[in-house]
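This report refers to the structure that appears directly beneath it.
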Amino acid sequence: VTAQRPEQLRAQVEANLTSLGLQQIPVVNLRRADTAPGIIATGDQSVDLDAQLAALSDLRAEGKIGAIGLSNVSLSQLQQALPAGIDCVQNMYNVLERADEPILQLCLSNDIAWVPFFPLGSGFPGQPKVADQPDVIVIARRLDVTPAQVALAWLLAHAPNILLIPGTANMLHLAENVAIESIRLDEEAMSTLEGLV
Ligand SMILES: NC(=O)c1ccc[n+]([C@@H]2O[C@H](COP(=O)([O-])OP(=O)(O)OC[C@H]3O[C@@H](n4cnc5c(N)ncnc54)[C@H](OP(=O)(O)O)[C@@H]3O)[C@@H](O)[C@H]2O)c1
């Protein structure tokens, strides 16, 4: 189910405030449903972006949300949204899937955080898994880290506006993912990884 209409966005924010017991939600991501992955909006769920941004801007002016983020947006949609004041963008992106590099760069030049979903290629079948990529595996062995750590460390080294949200249900993986803070990829590793696409 999508909830794209402006009145639905407001109702969802109000419901979240109540269920979380908060006065303000620090940041709300507007998840567009124009393209895969996920449900595609049709009919009255196909809503103009400006109408959605107006609803979220009102909620921000009322103090109910602290900031507006966007998710699953195109370059032109981000350009259209910039005047509203956007704090973060959450699109699919990882070392093997860099179609959205121009959007990342637009975020960088506008001081907007880039929060890639599927930073490891996800747990879904059909999506390329970064940890299975042969060059990533070789680099991980040489640096004595795991392939997933190489994937995440590359993201942090690639651009200064990247925030990581890897998903895991495994405590060991969680510890590995937190530990990338202290992992530095050398020039050889960076040059191989940058050249993968
Ligand atoms: N905005 C959107 O439209 C959108 C869409 C999709 C996802 N998201 C969000 O993006 C975030 C990440 O997405 P995701 O979790 O689907 O994909 P992901 O972070 O790329 O990959 C998660 C997969 O990687 C495995 N993994 C995690 N850490 C690992 C490690 N250290 N070593 C080996 N395997 C590891 C996980 O398995 P284990 O559980 O076994 O560790 C899981 O199968 C989530 O917060 C999700 O909610 C947003």
Side-chain angles (χ1 to χ4, degrees), residues 1-17 19-20 25-57 59-60 65-82 84-107 110 112-133 148 151-152 154-155 158-159 161-170 173-174 177 197:
V1 179
T2 53
Q4 296 282 316
R5 299 203 55 75
E7 67 275 15
Q8 292 175 312
L9 298 179
R10 173 172 284 274
Q12 288 299 314
V13 167
E14 304 273 7
N16 284 177
L17 284 169
S19 63
L20 295 169
I25 301 172
V27 59
V28 166
N29 285 329
L30 169 63
R31 207 304 188 166
R32 289 287 299 190
D34 311 290
T35 55
I39 300 169
I40 311 282
T42 54
D44 77 346
Q45 286 295 306
S46 273
V47 178
D48 180 60
L49 178 59
D50 286 334
Q52 296 177 313
L53 291 169
L56 292 174
S57 297
L59 287 161
R60 188 178 52 195
I65 70 176
I68 301 172
L70 297 174
S71 179
N72 222 35
V73 287
S74 65
L75 185 66
S76 62
Q77 285 173 325
L78 176 58
Q79 281 161 336
Q80 182 183 342
L82 285 178
I86 300 300
D87 279 64
C88 51
V89 173
Q90 186 174 128
N91 276 18
M92 177 170 29
Y93 181 85
N94 60 52
V95 70
L96 305 178
E97 286 276 356
R98 281 183 254 172
D100 282 355
E101 186 69 33
I103 314 183
L104 186 170
Q105 295 302 329
L106 182 61
C107 286
N110 284 277
I112 295 171
W114 180 251
V115 191
F117 74 74
F118 295 172
L120 298 169
S122 86
F124 296 108
Q127 293 285 341
K129 306 287 170 257
V130 182
D132 294 343
Q133 207 285 334
L152 298 176
W154 175 80
L155 283 165
H158 179 69
N161 60 329
I162 293 194
L163 297 181
L164 293 182
I165 52 164
T168 183
N170 176 307
H173 290 167
L174 179 64
N177 298 348
V197 293

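For the numbers below, each heavy atom of this structure counts, side chains included, while hydrogens, waters and symmetry mates do not.
- Side-chain contact between Ile25 and Leu59: absent, with no pair of heavy atoms (C-beta onward) separated by less than 4.5 Å.
- Counting heavy atoms from C-beta outward, Pro116 and Asn94 have side chains that stay 4.5 Å or more apart.
- For Leu152 against Pro119, the heavy-atom pair with the smallest separation is CD2-CB, 4.0 Å.
- Listed by first and then second residue, the salt bridge (Lys or Arg N to Asp or Glu O under 4.0 Å) pairs that reach into residues 89-98 are Arg98-Glu194, sequence neighbours excluded.
- Looking at Gln90, its side chain never comes within 3.5 Å of a backbone N or O of Val115 through a donor-acceptor pair.
- In this structure, the separation between CZ on Arg10 and CZ on Arg5 is 15.0 Å, given to the nearest 0.5 Å.
- The shortest side-chain heavy-atom distance between Leu30 and Val73 does not fall under the 4.5 Å cut-off.
- Shown here are the side chain to side chain contact (heavy atoms under 4.5 Å, CB included) partners of Pro6, two or more places apart in sequence or in another chain: Val47, Ala51, Ala55.
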Pair Val27, Cys88 - check side-chain contact (heavy atoms from CB on, under 4.5 Å), show working. CA-CA 9 Å; Val27 59; Cys88 51; 3.7 Å; yes
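- Contacts of Ala159 classified as side chain to side chain contact (heavy atoms under 4.5 Å, CB included), with partners at least two apart in sequence or in another chain: Leu104, Asn161, Ile162.
- Every side chain to side chain contact (heavy atoms under 4.5 Å, CB included) that Asp100 has, sequence neighbours left out, goes to Asn91, Ile103, Trp114.
- Minimum interatomic distance between Cys107 and Val89 (heavy atoms only, all atoms of both residues): SG-CG2, 3.6 Å.
- Taking the salt bridge (charged side-chain N to carboxylate O under 4.0 Å, His left out) definition, one finds that Glu101 meets it with nothing, sequence neighbours left out.
- Residues Ala148 and Leu120 approach most closely at O-CD2, 3.7 Å, considering heavy atoms.
- Partners of Ser57 under the side chain to side chain contact (heavy atoms under 4.5 Å, CB included) rule, at least two apart in sequence or in another chain, are Arg60, Ile68, Ala84.
- Summarising the geometry, atom CZ belonging to Phe118 is positioned 13.5 Å from atom CG belonging to Leu96; distances are rounded to the nearest 0.5 Å.
- Ser19 is linked by a side-chain hydrogen bond (donor to acceptor under 3.5 Å, both in side chains) to nothing, counting only residues two or more places apart in sequence or in another chain.
- Between the CD1 atom of Ile86 and the CG atom of Asn110 there is a distance of 10.5 Å, given to the nearest 0.5 Å.
- By the side-chain hydrogen bond (donor to acceptor under 3.5 Å, both in side chains) test, Gln80 pairs with Asp50, sequence neighbours left out.
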Run the side-chain donor-acceptor check on residues 34-43: report pairs under 3.5 Å with partners two or more places apart or on a different chain.
unit_1	atom_1	unit_2	atom_2	d
Asp34	OD1	Arg32	NH2	2.9
Asp34	OD2	Arg32	NE	3.0
Asp34	OD2	Gln77	NE2	2.9

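- For residues 117-132, no pair satisfies side-chain hydrogen bond (donor to acceptor under 3.5 Å, both in side chains), with sequence neighbours left out.
- In this structure, Asp87 CG and Leu70 CG are separated by 10.0 Å, a value rounded to the nearest 0.5 Å.
- With sequence neighbours excluded, no residue forms a salt bridge (charged side-chain N to carboxylate O under 4.0 Å, His left out) with Arg31.
- For Asn29, the side-chain hydrogen bond (donor to acceptor under 3.5 Å, both in side chains) criterion is met by no residue, not counting sequence neighbours.
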